[in-house]
Amino acid sequence: MDRFARIPAGWFRMGSDDGQPDEAPAHRVWVDAFELAVDPVTRREYAAFLAATGREAPREWDSPALAGPERPAVGVSWNDAVVYCLWRSSVAGDPVRLPTEAEGERAARGGRDGEAYPGGDELPAWLPNRGRGPLDGPWPVTLGPTNPYGVRGIAANIHEWCADWHGRDFYRRSPARNPKGPAGGRRRVSKGGSWRHALTMSRVAARSKLDPAFRYTDYGFRVARDIGTDRGLVIPDSFFDPLPEDLLDAFEGGGSLGRRPVAPGLAGDSPAPGRPMSEELDLARRVALAVREAGGRALIVGGWVRDRLRGAPSQDVDLEVHGLAADRLRAVLTGLGAVNAVGASFAVFKLGPLDIALPRTESKTGRGHRGFRVTGDPHLPVAEAARRRDFTVNAVAWDPLADEYLDPHGGREDLRRRRLRMVDPATFADDSLRVLRAVQLAARLDFEIEEATRALCCTIPLDDLPAERIWGEVEKLLLEAAQPSIGLRAAHELGVVDRLFPELLALVGCPQEPEWHPEGDVWVHTLLVIDRARERIDDLPYPQRVAVMLGAVCHDFGKPATTAYVDGRIRSLNHEAMGVEPAAAFLDRLGVRTLDGYDVRGQVLGLVGHHLKPGMWRTARDGVGDGAFRRLARKVDLELLARLAKADCLGRTGDFDCSAMDWFLERAQSLGVEHAPPAPILLGRHVLALGLPPGPQVGAVLRQVYERQLDGEVTTLDEATAVARALLAESR
């Protein structure tokens, strides 16, 4: 089993101001002492795990270039690494885990801040080929000296998985002590170099990120463990959200394995703009070469091509392969890695991050998104294969080998004219979701919807769309568009608001007092607030971004029911409380509840019900005590509330003082309750120690003492115990 080096507690300077944007800013971080494996997990160690568990072998496990018992185990996904930690913990009797990103960088620096690589600003001489790659495969983990902390090979040879989710801007808000990354996301962080790269050692501040299910042959891991713990295996619940159910079943009862509900569509952090595509594109080109050698042609299709033509950051790469039957295509792909097949009458294969499909035709057989007959046809002409796509800008293909665009439906001209135009009027209405796609793409691309397409969208019924599909498009609109209001206006014009969102429709034409809302009715104000909120969320974890944006959408849902003329002025008294019920109905219709264990629904309802408090409390600040802030923190995240309230204030035309929200947040931060109320000082065991038997009275005493704690009357355990003792004496 692993040998461990003790990494001492201490401060160090994490990140870099001179590297990639997600490495900045460099910031001071404290990490508690922990132990880190001297070497990454080897193939010998991983083979024992495979034999004991029957798990699927890593990608290219049998490749001679990767073989050797002392080489690092690679081709391992983040999910695989977590399951190994569970198994290793159960076998050895003490808990191991993946290191956090901060722990990984702390160990790599070896106590020497400000240097690019472990041991200095130059690549160390012991590296194979003096650090110049790519190499044929990874070298044995035993090669090279240990660093001052006793760790070997760190930052070199392979990318090593870390426990954290990746957050592009997380360093700007990272806690100073023991940071553990954002609460959720789509990609996990890795640190270290790669035998496949031009330099086989990376700077210690460098970060990589990858989907936790992907298996790349330069990805492995080493394990860490806490010092002096006897708590058994304790792993955060968030580790298990992306794991398949069979992995959870295999380790039932082995630690904190509770699976938490996730709202439809809320699967993780949206892709970071500008994320590197080199690995995906490199794999796509290798697929295209293999397909060409087999007599076919592979084309990159869909949104990636559209974004490439726009010069915009690109998303996932999808390929369409012409000229090869499904069984022949699968055989070709199998030579490149592990392949999973999807579909019955048509063929879609997953190879790493790529979706690779045959050209196909679709015929409508019934209502809803499942009412299609899809047939793969490797000999379908490119123009016919593109006809099934929604908009012309998504119907352009690109040959990665010939660098040739194939544009049978005029998508490049529509990109130039910045318009969305349907490909085929005869089939566009077959999938009603395309109406919502038009709305969110119009906002994300800032394009106009072509008139004939608009007219057809207005006639398409939307009552066959399930909640998760609607939410999927609304999510993209709110989080990926710089100005979501563009899409919401389009949704109103196309009748989407009328048919799907009655709470939003009620805002249209609802008047507001011109002195405070010169911009117009509640609908106009809400659109402005949504855009202002969108400007204020990029540094937040994904579920919190969702909460703020949905809070902006819902914040004035109570105004239509409460708006009246009072003493010659337009008032909406108590509209914040009255907005909670329609907001709950709106969220339930979208199926939005929790995300990665975070109560998105509860936070949105808290934001709606209290969005006026920052301004009101600033006005009455002399009468608002610390206890009010502590109690409000039990109902809603106060930082999110301040952000929404600031967007609400700025979501108007005219010149208004919006400094109240800054005051509110500073006050919450000074009390340490910007994200949660204070933890109770007095616990049940303390009350039981006073001689009170278990029962309802224990809870009653705890509640009374906690109320005094919120008011600041109780600040220590001794004070809390004294109050509890007095309460018990009074009750006797």
Side-chain angles (χ1 to χ4, degrees), residues 77-79 81-83 85-86 95 97-98 100-101 161-167 170 173-175 178-189 209 211-213 231-249 251-270 467-468 471-472 475 478-479 537 539-551 583-584 587-588 590-607 633-641 643 673-680:
S77 72
W78 185 93
N79 294 342
V82 171
V83 177
C85 289
L86 288 169
R97 55 178 173 79
L98 294 180
T100 67
E101 184 182 9
W161 287 113
C162 300
D164 313 45
W165 288 110
H166 178 267
F170 178 71
R173 53 188 168 80
S174 170
N178 299 310
K180 295 182 180 179
R186 276 194 175 177
R187 295 168 181 81
R188 295 285 182 174
V189 177
K209 57 187 182 294
D211 186 299
R231 296 173 298 163
L233 179 58
V234 179
I235 295 181
D237 287 347
S238 61
F239 272 21
F240 299 95
D241 283 337
L243 291 182
E245 292 291 344
D246 65 316
L247 302 193
L248 297 176
D249 293 342
F251 290 93
E252 184 176 1
S256 181
L257 297 176
R259 190 82 171 154
R260 291 161 303 186
V262 178
L266 298 180
D269 200 324
S270 297
E468 63 269 18
W471 167 244
E475 174 196 28
L478 295 179
L479 298 187
I537 63 169
D539 61 330
L540 291 173
Y542 177 74
Q544 284 86 337
R545 297 207 309 268
V546 172
V548 172
M549 292 308 298
L550 288 174
L587 297 175
D588 290 346
L590 290 176
V592 175
R593 292 188 176 275
T594 61
L595 165 61
D596 198 36
Y598 187 81
D599 184 8
V600 173
R601 184 181 188 274
Q603 285 295 326
V604 173
L605 298 183
L607 292 171
R634 302 176 71 181
K635 302 173 182 177
V636 66
D637 184 303
L638 300 189
E639 180 181 339
L640 301 189
L641 182 62
R643 293 188 189 220
V673 296
E674 67 271 26
H675 298 303

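- Residues that satisfy the salt bridge (charged side-chain N to carboxylate O under 4.0 Å, His left out) test with Glu639, not counting sequence neighbours, are Arg643.
- Trp165 carries Arg188 over the face of its six-membered ring, with the cationic atom under 6.0 Å from the centre and within 45° of the normal.
- Taking the side chain as every heavy atom from C-beta outward, Trp161 and Val82 never approach each other to under 4.5 Å.
- Across all their heavy atoms, Asp637 and Glu674 have their closest contact at OD1-O, 3.0 Å.
- One distance of note links NE2 of His166 with NZ of Lys209; it measures 4.5 Å at 0.5 Å rounding.
- In this structure, the side chain to side chain contact (heavy atoms under 4.5 Å, CB included) partners of Pro175, at least two apart in sequence or on a different chain, are Phe170, Pro179.
- For Ala676, there are no side chain to side chain contact (heavy atoms under 4.5 Å, CB included) partners two or more places apart in sequence or in a different chain.
- Asn178 meets the side chain to side chain donor-acceptor pair (under 3.5 Å) test with Asp32; sequence neighbours excluded.
- Closest approach of Val636 and Gly606 over heavy atoms only: CG2-C, 3.8 Å.
- Rounded to the nearest 0.5 angstrom, Leu607 CG and Leu550 CG are separated by 9.5 Å.
- When all heavy atoms are compared, the tightest approach of Ala81 to Leu98 is CB-CD2, 4.0 Å.
- Residue Leu590 comes nearest to Trp471 through the heavy atom pair O-CB, 3.6 Å, listed as atom of the first residue, atom of the second, then distance.
- For the pair Arg593/Leu587, no side-chain contact is recorded, criterion being any heavy-atom separation below 4.5 Å from C-beta on.
- When every heavy atom of Ala633 is checked against every heavy atom of Pro677, the shortest pair comes out as O-CD, 3.3 Å.
- The structure places NZ of Lys635 at 11.5 Å from CG of Leu641, a figure rounded to the nearest 0.5 Å.
- Counting heavy atoms from C-beta on, the side chains of Arg601 and Asp588 come closer than 4.5 Å.
- Minimum interatomic distance between Pro541 and Ala183 (heavy atoms only, all atoms of both residues): CB-N, 3.9 Å.
- Residues forming a side chain to side chain donor-acceptor pair (under 3.5 Å) with Glu101 (at least two apart in sequence, or on another chain): Tyr171, Arg207.
- Side-chain contact between Leu540 and Leu640: present, with at least one pair of heavy atoms (C-beta onward) separated by less than 4.5 Å.
- Among residues two or more places apart in sequence or in another chain, the salt bridge (charged side-chain N to carboxylate O under 4.0 Å, His left out) test is passed with Asp599 by none.
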